[in-house]
Protein chains: 2
Amino acid sequence: MEKIKLLIVDDHPLILEGLKNLLAEEDAVEIIHMCTTAYEVIEAMRTAVPDVALLDINLPDVNGIELCARIRKEFPSVKCIALTTYSQRSYINKMMEAGAAGYLLKNASKTEILTAIQEVHAGGMYLRVKDDGAQMEEENSPIPTLTPREKEVLALIAEGLTNPQIAKKLYVSVLTVNSHRKNLLHKFEVSNTAMLIRQAVVAGLV
Amino acid sequence: MEKIKLLIVDDHPLILEGLKNLLAEEDAVEIIHMCTTAYEVIEAMRTAVPDVALLDINLPDVNGIELCARIRKEFPSVKCIALTTYSQRSYINKMMEAGAAGYLLKNASKTEILTAIQEVHAGGMYLRVKDDGAQMEEENSPIPTLTPREKEVLALIAEGLTNPQIAKKLYVSVLTVNSHRKNLLHKFEVSNTAMLIRQAVVAGLV
DNA sequence: CTTCCTATCCCCCAAAAACAGGATTTTAAA
DNA sequence: TTTAAAATCCTGTTTTTGGGGGATAGGAAG
């Protein structure tokens with residue numbers, strides 16, 4: 001029986017290391033790529049396509065959700081499993097919507113990770129998020145879907161630019177920027193910039 | 001020769017796992033405690049005092065800097081080594097100020113970690129932050145020292161309260177809140193709430 | 001006993017953001 | 001091609017923020 005070819009991506013090298021050690025002695029799987037950015041993932045896949053990809057959600061360049069969607073589009077044969085610290089329903093939904101076949105928390109056990117990989121590779125789906133009671137503070141994060149323009153504006157707001165400055169930078173009217181800003185506030189269901197930015201940061205959108 | 005007794009703390013179980021695997025085969029050291037929160041660390045130390053503690057900075061309850069200070073106070077014999085992803089000067093300074101004897105990035109190699117542990121245990125100090133060029137975006141984060149009141153106000157701002165609301169909650173004048181707010185902006189060297197909150201979030205202050 | 005720090009309060013004023021609507025055009029998808 | 005979504009611009013008003021000062025009382029530390 002062929003070994004399952006794995007790609008793992010995480011921005012923390014130590015987590016990669018941990019996974020490598022965890023999976024190295026298993027002969028059912030074989031890690032063919034270890035990446036720390038979404039860019040590396042796509043590059044790596046062009047050279048050798050894995051069977052399963054373990055994806056972190058927090059990546060420096062693109063977030064794991066978008067990365068998953070992209071993988072599903074460019075390499076439909078690759079099964080994606082989210083491996084993250086977030087147990088929020090919204091993340092799970094987004095990830096599944098993006099085409100993920102599995103979802104694991106980083107405190108998952110070795111056997112659990114292995115089971116997930118195998119079941120997913122066999123065409124199944126695996127999702128287990130056991131509530132350890134530790135991080136249930138952020139249970140309510142809608143994570144709205146933003147348009148490209150809104151993301152752009154949000155990023156600039158987070159960088160500290162004011163509406164006039166953003167308008168100048170994007171070559172649009174201040175009124176337009178203000179509209180986007182208002183829409184952002186609505187989508188995030190918040191009433192001021194402080195809440196908006198905090199939500200955006202914890203959601204990894206900035 | 002006695003093995004060096006280690007305590008490691010990190011909120012990501014996988015990093016703990018990685019470290020464990022990394023250090024398990026070494027006979028120079030011995031992990032006696034693995035914790036995920038600052039609270040656990042203090043509890044663990046009451047039962048068995050380690051020689052060296054590897055501390056993450058991002059912890060769910062108390063940040064690693066304060067934890068380090070507390071360890072140095074309650075268990076002066078314990079040498080602390082920061083093990084984190086932050087390469088910012090300000091973090092290093094804070095950590096050293098808190099009494100740490102070492103500072104490592106999470107992308108440090110196994111031998112580097114071992115060397116650090118041994119040198120620190122021998123009474124020395126070890127600090128090596130090599131710039132991998134990857135995360136130099138955040139090179140300038142002052143991390144100002146905030147007064148208790150300022151932290152309080154900052155937290156409320158981050159929760160989305162306006163000055164009048166904060167004033168009401170703290171039973172002080174709006175003008176007072178505004179002063180704290182202005183001082184916060186000065187200390188963080190930013191010019192609006194968006195930048196303030198973003199900095200505060202990445203600094204783990206909210 | 002002085003400084004220094006903190007917290008509190010005050011002034012004036014300009015700029016920005018938020019609230020509440022609506023309208024138009026371009027773009028993308030069904 | 002019809003429809004929906006996105007991006008653009010508009011008119012108002014009200015509230016909040018931010019920038020520049022300053023003053024005072026209490027406490028801690030030198």
Side-chain angles (χ1 to χ4, degrees), chain A residues 65-66 69-70 72-74 94 97-99 142-201 205-206, chain B residues 66 69 73 94 97 142-201 205-206:
Chain A
I65 295 164
E66 288 182 38
R70 190 155 166 209
R72 297 299 302 160
K73 197 166 188 177
E74 288 196 41
K94 287 273 173 192
E97 207 175 306
I143 303 205
T145 312
L146 303 184
T147 69
R149 202 52 159 178
E150 283 168 347
K151 284 185 194 173
E152 210 167 351
V153 172
L154 176 58
L156 294 174
I157 293 174
E159 279 177 27
L161 301 201
T162 65
N163 284 354
Q165 291 172 324
I166 296 173
K168 201 171 176 183
K169 180 158 250 174
L170 298 182
Y171 302 105
V172 295
S173 160
V174 183
L175 300 148
T176 304
V177 178
N178 202 271
S179 290
H180 289 308
R181 194 181 197 120
K182 284 191 285 189
N183 292 334
L184 283 168
L185 291 175
H186 277 129
K187 285 193 176 180
F188 277 92
E189 293 174 6
V190 295
S191 59
N192 57 40
T193 306
M195 296 162 92
L196 175 67
I197 296 304
R198 196 183 53 140
Q199 296 250 35
V201 173
L205 296 174
V206 291
Chain B
E66 288 182 38
K73 197 167 189 177
K94 288 271 175 193
E97 207 175 307
I143 303 207
T145 311
L146 302 184
T147 68
R149 202 53 158 179
E150 283 167 348
K151 284 185 194 172
E152 211 167 350
V153 171
L154 176 57
L156 294 174
I157 293 174
E159 279 177 26
L161 302 200
T162 65
N163 285 355
Q165 291 172 325
I166 296 172
K168 201 171 176 183
K169 181 158 250 175
L170 298 183
Y171 302 106
V172 295
S173 161
V174 183
L175 300 148
T176 304
V177 178
N178 200 265
S179 290
H180 289 308
R181 193 180 198 122
K182 283 191 281 192
N183 290 335
L184 283 167
L185 292 177
H186 277 129
K187 286 194 175 180
F188 276 91
E189 292 175 8
V190 295
S191 58
N192 58 40
T193 306
M195 297 163 90
L196 175 66
I197 297 303
R198 195 182 53 139
Q199 297 249 33
V201 173
L205 295 174
V206 291

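Quick caveat, the model's predicted, so the values are computed rather than measured. Every chain is numbered from 1, with letters handed out A, B, ... down the list of sequences.
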> Counting only side-chain nitrogens and oxygens, does A:Asn163 get under 4.0 Å of the OP1 or OP2 atom of C:dA16?
no
> Do A:Phe188 and A:Ile197 touch side chain to side chain, with heavy atoms closer than 4.5 Å?
no
> Drop me the distance from B:Met195's CE to A:Thr193's OG1, to the nearest 0.5 angstrom.
13.0 Å
> If every non-hydrogen atom of A:Ile166 is compared with every non-hydrogen atom of A:Val153, which pair is closest and at what distance?
CD1-O, 4.3 Å
> By a strict heavy-atom criterion of less than 4.0 Å, which residues belonging to residues 167-176 of chain A are in contact with DNA chain D?
A:Val172, A:Ser173, A:Leu175, A:Thr176
> Without decimals, in angstroms, what is the distance between A:Leu184 CG and C:dC19 C1'?
16 Å
> Would you mind reading off the distance between A:Leu161 atom CG and C:dA17 atom C1', rounded to a whole angstrom?
15 Å
> Any chance you could lay out the salt bridge (charged side-chain N to carboxylate O under 4.0 Å, His left out) test for A:Glu159 and A:Lys169, step after step, and finish with the verdict?
CA-CA 13 Å; A:Glu159 279 177 27; A:Lys169 180 158 250 174; 5.3 Å; no
> Quick check: closest heavy atoms across A:Asn183 and A:Glu150, and the distance to 0.1 Å?
CB-OE2, 3.6 Å
> Show the nearest heavy-atom pair for residues A:Ser191 and A:Leu185, with the distance to one decimal.
C-CD2, 4.4 Å
> Given atom CD1 of A:Ile157 and atom P of C:dA17, what is their separation to the nearest angstrom?
8 Å
> Roughly how many Å is it from CE in B:Met195 to C1' in C:dA17, rounded to a whole number?
17 Å
> Measure from CD on B:Glu150 to C1' on C:dA7 and round the result to the nearest Å.
10 Å
> Testing the basics here: between A:Arg181 and A:Ile157, what is the closest heavy-atom pair and its distance to 0.1 Å?
NH2-CG2, 3.7 Å
> Specify the residue among A:Thr193 and B:His180 whose closest nucleotide of DNA chain C lies further upstream toward the 5′ end.
B:His180
> Rounded to the nearest 0.5 Å, what separates atom CG in B:Leu184 from atom OG1 in B:Thr147?
7.5 Å
> Rounded to whole Å, please give me the gap between CD in A:Gln165 and P in C:dA16.
8 Å
> Reading DNA chain D in the 5' to 3' direction, which nucleotide is the first one with an atom under 4.0 Å from a heavy atom of chain A, and which is the last?
D:dA6 to D:dT11
> Rounded to whole Å, please give me the gap between CG in A:Leu196 and P in C:dA18.
8 Å
> List the atom of A:Leu170, the atom of A:Arg149, and the distance in Å for their closest heavy-atom pair.
O-NH2, 3.6 Å
> Check nucleotides 21-27 of chain C for protein N or O atoms closer than 3.5 Å to its own N or O atoms and list the pairs.
unit_1, atom_1, unit_2, atom_2, d
C:dG21, O6, A:Lys182, NZ, 3.3

> Tell me the interatomic distance from A:Asn183, atom CG, to C:dA18, atom P, rounded to whole angstroms.
13 Å
> Quick check: closest heavy atoms across A:Leu154 and A:Ala200, and the distance to 0.1 Å?
CD2-CB, 3.9 Å
> Does the A:Asn192 side chain pair with the main chain of B:Gly160, one donor and one acceptor, at a distance under 3.5 Å?
yes
